[in-house]
2 protein chains.
Amino acid sequence: MKLEVQKKNLIEELGVHLEGDNLAPLAARILSTLILSGKKGVTFDELVCQLQAGKSTVSTHLDHLQNSNRVKYFTKPGDRKRYFVIDPNLILNVMDEMIDKWEKEKKLHLKIKEYKKQCNCEAEETGDFQFDLDFQEDFLTFLEETSTAVKKFKAKLLVRNN
Amino acid sequence: MKLEVQKKNLIEELGVHLEGDNLAPLAARILSTLILSGKKGVTFDELVCQLQAGKSTVSTHLDHLQNSNRVKYFTKPGDRKRYFVIDPNLILNVMDEMIDKWEKEKKLHLKIKEYKKQCNCEAEETGDFQFDLDFQEDFLTFLEETSTAVKKFKAKLLVRNN
DNA sequence: CCTTTAGTTCGGAAATTTCAGAACCAAAGT
DNA sequence: ACTTTGGTTCTGAAATTTCCGAACTAAAGG
């Protein structure tokens, strides 16, 4: 199959997939395009044209993508255009986000565990425990272990890249 | 602090958090309520009252939550009401979902890698490679490792529970 | 200065999601 | 047979998200 056709199909497929992470359709298409366009970068106008989108839309979404450390740009001397590329640390940033989210989740579930314990204490005399603390326990271990797995891999990457 | 107040606060806090996983606000509140109400279960009417929501809304969202294996219900003999509780396998199901998602992602990125390789080949003579395959390589390893970490933990849980 | 380029910002239109009310249904009680 | 209970389904309203166009700005070119 011709490379251009392949690219268009992949942009769409990856785009749909990326929408899963709370990205607006067009934001997902932008990111997808950048992922599939490589180091040479894509300009603002190219994005507007290729995605058939409004300038304002592209501008806003590019802002978002840059603020969330997914996208960067570089310039060429004597050329006012910006060449957008995916942030070279994208994987690391994604991992950091995951770790962060799990960290928050852990704190929340510790609070919940506390609450459940208190509830079970109150029901002591009746012997009618409301909560199975195993669930909470398991979930916390789950978050812990998954977190460390990602952290380890992150460390490995960092060592290798230096 | 009084347990009831604690519970209400936790339901809201956990609810907001759960909205992060593509759940509608009310769906998140339902799940949150069930998580914080334990084994005794919560009836349809209690959900409608406590969450101040329409019956149709609760009905629809409960459907969703059951179809996505997050929620189950049990009944009591001689009592037509349904007592909703979180699915006892919720953690396992969540893990399966994660593994599934990563599996799909892996397939997609293998396709992308293929595409990138072809692109780089075409640009062979110019020496002007469009893609740094490291990114793709790293990402695939990342998915692989995170997946196995979760799978291992899942296996551990399964062994313990039997 | 005036124009062109490369965008940004603002206001609102269009699409989508989320929710509620009314009508409905099926099983159980009377 | 009628009523109550415990929901479900359908239709549309309200809220939110997503996007676009028009007007604007700032830097560079002529």
Side-chain angles (χ1 to χ4, degrees), chain A residues 11-12 14-34 37 40-68 70-87, chain B residues 11-12 14-34 37 40-68 70-85:
Chain A
I11 286 178
E12 184 53 25
L14 179 55
V16 170
H17 182 83
L18 290 171
E19 284 183 53
D21 315 343
N22 287 326
L23 284 182
L26 227 108
R29 297 308 175 284
I30 291 174
L31 192 54
S32 182
T33 302
L34 296 186
S37 297
K40 69 183 190 322
V42 185
T43 66
F44 185 88
D45 268 327
E46 286 170 339
L47 285 171
V48 169
C49 287
Q50 285 176 36
L51 299 174
Q52 304 264 59
K55 291 206 292 174
S56 55
T57 312
V58 172
S59 177
T60 311
H61 285 310
L62 272 176
D63 249 24
H64 249 119
L65 291 170
Q66 290 177 87
N67 290 334
S68 56
R70 290 174 218 279
V71 164
K72 288 238 172 313
Y73 67 87
F74 63 86
T75 54
K76 299 176 182 178
D79 180 353
R80 262 203 304 154
K81 282 190 281 259
R82 289 172 191 170
Y83 292 81
F84 292 95
V85 289
I86 57 167
D87 188 322
Chain B
I11 286 178
E12 183 52 24
L14 179 56
V16 170
H17 182 83
L18 290 171
E19 284 184 55
D21 316 343
N22 287 327
L23 286 181
L26 228 109
R29 299 307 177 282
I30 292 174
L31 192 55
S32 181
T33 302
L34 297 186
S37 297
K40 69 184 190 321
V42 186
T43 66
F44 186 89
D45 268 329
E46 287 170 338
L47 284 172
V48 169
C49 287
Q50 286 176 37
L51 299 175
Q52 304 263 59
K55 290 206 293 173
S56 56
T57 312
V58 172
S59 178
T60 310
H61 285 310
L62 272 176
D63 249 23
H64 246 120
L65 290 170
Q66 289 177 89
N67 290 334
S68 56
R70 291 172 217 279
V71 164
K72 287 239 170 313
Y73 67 87
F74 63 86
T75 55
K76 298 175 182 179
D79 181 353
R80 254 189 326 140
K81 282 190 283 258
R82 288 172 192 171
Y83 293 82
F84 292 95
V85 289

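Every chain is numbered from 1, with letters handed out A, B, ... down the list of sequences. Quick caveat, the model's predicted, so the values are computed rather than measured.
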Fill in: Atom OH of A:Y83 with >12 non-hydrogen neighbours under 6.0 angstrom
yes
Discussion item. Just the rounded figure in Å: distance from P of D:dT5 to NZ of B:K76.
Written reply: 18 Å
Worksheet item: Taking side chain as C-beta onward, heavy atoms only, is A:T43 less than 4.5 Å from A:V48?
Response: no
Discussion item. Whether the side chain of B:K81 and the base of D:dG6 hold a donor-acceptor pair under 3.5 Å is what I'd like checked.
Written reply: no
Item to complete: Using a 4.5 Å cut-off on heavy atoms from C-beta on, say whether the side chain of B:Q66 contacts that of B:F84.
Response: yes
Anything under 3.5 Å between a protein N or O and an N or O of nucleotides 16-19 of chain D, put it in a table, one pair a line.
residue : atom : partner : partner atom : Å
D:dC19  : OP1  : A:L26   : N            : 3.0
D:dC19  : OP2  : A:H61   : NE2          : 2.8

Practice prompt. Go through the N and O atoms of the side chain of B:S56 and the base of C:dG21, and report whether any donor-acceptor pair is under 3.5 Å.
Written response: yes
Worksheet item: In terms of the nearest nucleotide of DNA chain D, which residue is placed more toward the 5' end: A:K55 or A:Q52?
Response: A:Q52
Worksheet item: At under 4.0 Å between heavy atoms, what does A:E19 touch on the DNA or RNA strands: base, sugar-phosphate, or nothing?
Response: nothing
Worksheet item: Taking side chain as C-beta onward, heavy atoms only, is A:L23 less than 4.5 Å from A:I30?
Response: no
Worksheet item: How many Å lie between CZ on B:F44 and P on C:dC25, as a whole number?
Response: 18 Å
Discussion item. Check this for me: A:H17, atom NE2, are more than 12 non-hydrogen atoms of other residues, nucleotides or ligands nearer than 6.0 Å?
Written reply: yes
Discussion item. What I'd like to find out is whether the side chain of A:V16 reaches to under 4.5 Å of the side chain of A:R29, using heavy atoms alone.
Written reply: yes
Worksheet item: Taking NZ, NE, NH1 and NH2 as the nitrogens, is one of them in A:D87 or A:K72 under 4.0 Å from a carboxylate oxygen of the other?
Response: yes
Practice prompt. For A:R80 and D:dA27, give me the distance from atom CZ to atom C1', rounded to whole Å.
Written response: 5 Å
Worksheet item: Expressed in angstrom and rounded to an integer, what is the separation of A:L65 atom CG from C:dG7 atom P?
Response: 15 Å
Worksheet item: Which whole-number value in Å describes the distance from A:L47 CG to C:dG7 C1'?
Response: 13 Å
Practice prompt. Rounded to the nearest angstrom, tell me the gap between atom NE2 in B:H64 and atom P in C:dC19.
Written response: 12 Å
Fill in: Nearest-nucleotide comparison on DNA chain C, the residue closer to the 5′ end among B:G78 and A:T43
A:T43
Discussion item. Please report the distance, rounded to the nearest Å, between CG in B:N22 and P in C:dT17.
Written reply: 11 Å
Practice prompt. Between D:dA28, C:dA28, C:dT9, spot the one nearest the side chain of A:T60, thanks.
Written response: C:dT9
Discussion item. Tell me whether the side-chain N/O atoms of A:R82 come closer than 4.0 Å to OP1 or OP2 in D:dA27.
Written reply: no
